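Heavy atoms only: backbone and side chains are in, while hydrogens, waters and symmetry mates are out. Residues: numbered from 1 along the sequence shown. Bear in mind the structure is a predicted one, so any value in this text is a computation, not a measurement.
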Amino acid sequence: MTDTTDESSAASENPGGQGTPAARDTPAREARRKGSAAVALGFVARRLRQPLPGAQPRIRFEMPPEYVQEQEAVGAAGDGEVSPQFGSPGPRMSPQHPLYMGFMGTVGVGLALLVYWIGSNTTQLLLWIVAALFIALGLEPVVGWLENRKIPRPAGILVSVTVLVSAVVGFFATLIPTIVEQVTEIVEQAPVWIRDFINSEFFRSLDDQFGVRDRITEELDKFVNDPAAVGGIFGGVVGFGSTVANGLFGTLIVLVLSLYFLAALPAMKRWGYRLAPRSRRHRVEALSEEITRSVGNYVIGQACVALLNATFAFIVMSIVGIPFALLLAFVVALLAFIPLVGGMIAGVVVLLVSLTEGWQTAAIYGVCYFAYLQFEAYFISPRIMQKAVAVPGAVAVISVIAGGSLLGVLGALIAIPTAAAVLLLIREIYIVRQDQH
C-alpha cells in the first residue's frame, strides 16, 4: 500500500510524466519494438529466398572435371590410384584394323553428307546464328568494361542489349513514318501528274501519231479482265508482307540469340577449350581469346567510326537543307558499318537525294562529306581501330568483296574480322611450324 501511495503521489506531482522511470523507458521500448520488427522482416526475407518445400534445384549439364585435378586431389589424400565413376576406359582398337578403317570411313562420309544436308536446309538459321555471335562478340568488350567497374554481368548485358534495341527501334521509328508520308504524298499527287501528262502537247502529238490513248485503254481492259494478272498483284502484296514479317521475326531471333550468347559466352569458351587436347589447351585458349578480342574491338571501333560518320553527315545535311536528314543519317550509319566501301556508298546515296534540292546543294555536301572521309581514313580510323585488327589493304578489299558476294551485307561486315583471324592462325601455327623445319 505504501508503494502504491508513493507512486500515485509522484504521478500527481509530475503530471507531464517527465522524470518517471516509465517515461524514461519509453525510448527503450520503441527501440526494442523497431528491433523486433527488423528481425521479423529479416526472417520473412530469408524465408522468401529459401526454396519451396520439396522443390529441387534445376539440373544443369556441366563439363566433367579434368582427370588431372582428380589425380592431384587423390595424390594429396595419399591414395595413388584414380577410380573414375564409370570405370577406366579399355585399350583402343588399332587404327590399322580393317574393321576400324572401314567403319570410320563410312561414318566420316555419312557425317559429311549429314552436315551438308543440315547446312543446305538451315541456311537462314545459320545466318541468324552467325549474326547473333557477331553481335555478342561485339558487345562483349562493353560488358567486360562494365564488369571491371563493379557492375554485375547481368546488369551489363541488360544495358548493352537495351542500347542496341533502342538503336534498332529508333531507326525503324524514323524510317516507317517517312515512308508512309512519302507514299501518301505520291498517291495523292499521282492523279495530278497523270492528268498533266495527258493534257500536255507531247502526249497529244504521240496520241495523234500512234494512237497511244486507245492502246493504253485496251491494255488496261486486258489487265483488269485477266485473273492471272490480278492474282499476280495479290501474290506480290502477300509476298512483300511475308518478307517484312520474316525480317521482323529474324530480327527478334537475332536479338534473343545475342542475349543468350552474351550470357553464356564464358561457359561457351570453357566448353570450346575443353574440346582441345590438354597438352594444347593453353595455346588454343590464347589464340581464341586473341581472336574474340580482335572481333569485339573491331565491332566497337567500327560502331564508333559509323556514329561519327553519321553525326557529321547529319550536321552537314541540316546546314545545307537536304530533306530527310535524320533518316539519311541512319542510312549513313548502317552503310558506314561496311568497311572500305560503305562510306562511299553512303555518300553517293545522299548525293542523289540532295540533287532534288539543286546541284549547288549536292556539290557542297559532296565536297564536305568526301573531305571528311579522307580525314577519317588518315586520322580517326587509325586511332580508333589501333586495338582492333591489322589486315593489309589488299586482303581487306578482297575479303569484303568475297564476303559480300557470299553472304551479302552480313558477309561484308564479318569479312575483315574473319580475315584477321585467318591471318593470325596462319602466322601463329603454320608459319611457326614451317620455321621449325
### Task
Measure the shortest side-chain to side-chain distance between Lys269 and Ser288 over non-hydrogen atoms and say whether it is less than 4.5 angstrom.
no
### Message
So which atom in Tyr369 and which in Ala346 form the shortest heavy-atom distance, rounded to 0.1 Å?
### Response
OH-CB, 3.8 Å
### Message
I'd like to know whether CZ of Phe249 has more than 12 heavy-atom contacts from other residues, nucleotides or ligands below 6.0 angstrom.
### Response
no
### Task
With sequence neighbours left out, write down each residue that passes side chain to side chain contact (heavy atoms under 4.5 Å, CB included) with Val331, or none if nothing qualifies.
Leu335
### Task
Look at the aromatic rings of Phe312 and Tyr372 and report parallel, tilted or perpendicular, splitting at 30° and 60°.
parallel
### Message
Any heavy-atom pair between the side chains of Ile300 and Trp145 that's under 4.5 Å?
### Response
no
#### Entry: Rounded distance [0.5 Å steps], CG in Leu259 versus CG in Leu139
10.0 Å
### Message
Please evaluate residues Gln124 and Ile253 with respect to the criterion side chain to side chain contact (heavy atoms under 4.5 Å, CB included), reporting the C-alpha separation (whole Å), side-chain torsions for both, the decisive distance (0.1 Å), and the verdict.
### Response
CA-CA 11 Å; Gln124 189 64 54; Ile253 292 297; over 6 Å; no
### Message
If I take atom CD1 from residue Ile319 and atom SG from residue Cys368, how far apart are they, to the nearest 0.5 angstrom?
### Response
8.0 Å
#### Entry: Carboxylate-amine/guanidinium proximity below 4.0 Å for Arg153 and Glu140
yes
### Query
Got a sec, which residues hit side chain to side chain contact (heavy atoms under 4.5 Å, CB included) with Pro154, two or more places apart in sequence or on another chain?
Pro152
### Task
Mark yes when over 12 heavy atoms from residues, nucleotides or ligands other than Arg283 sit less than 6.0 Å from its CZ; otherwise mark no.
yes
### Task
Quick one: pull up CD1 in Ile135 and CG in Leu255 and give me the separation to the nearest 0.5 Å.
6.5 Å
### Task
Evaluate whether atom CZ of Arg433 has more than 12 neighbouring non-hydrogen atoms of other residues, nucleotides or ligands under 6.0 angstrom away.
no
### Query
Quick check: are there more than 12 heavy atoms from other residues, nucleotides or ligands sitting under 6.0 Å from CE of Met344?
no
### Summary
On a heavy-atom basis, the closest approach of Ile129 and Phe261 is O-CE1, 4.0 Å
### Query
Knowing that exactly one of Val115, Leu114, Asn121 qualifies, which makes a side chain to side chain contact (heavy atoms under 4.5 Å, CB included) with Ile118?
Leu114
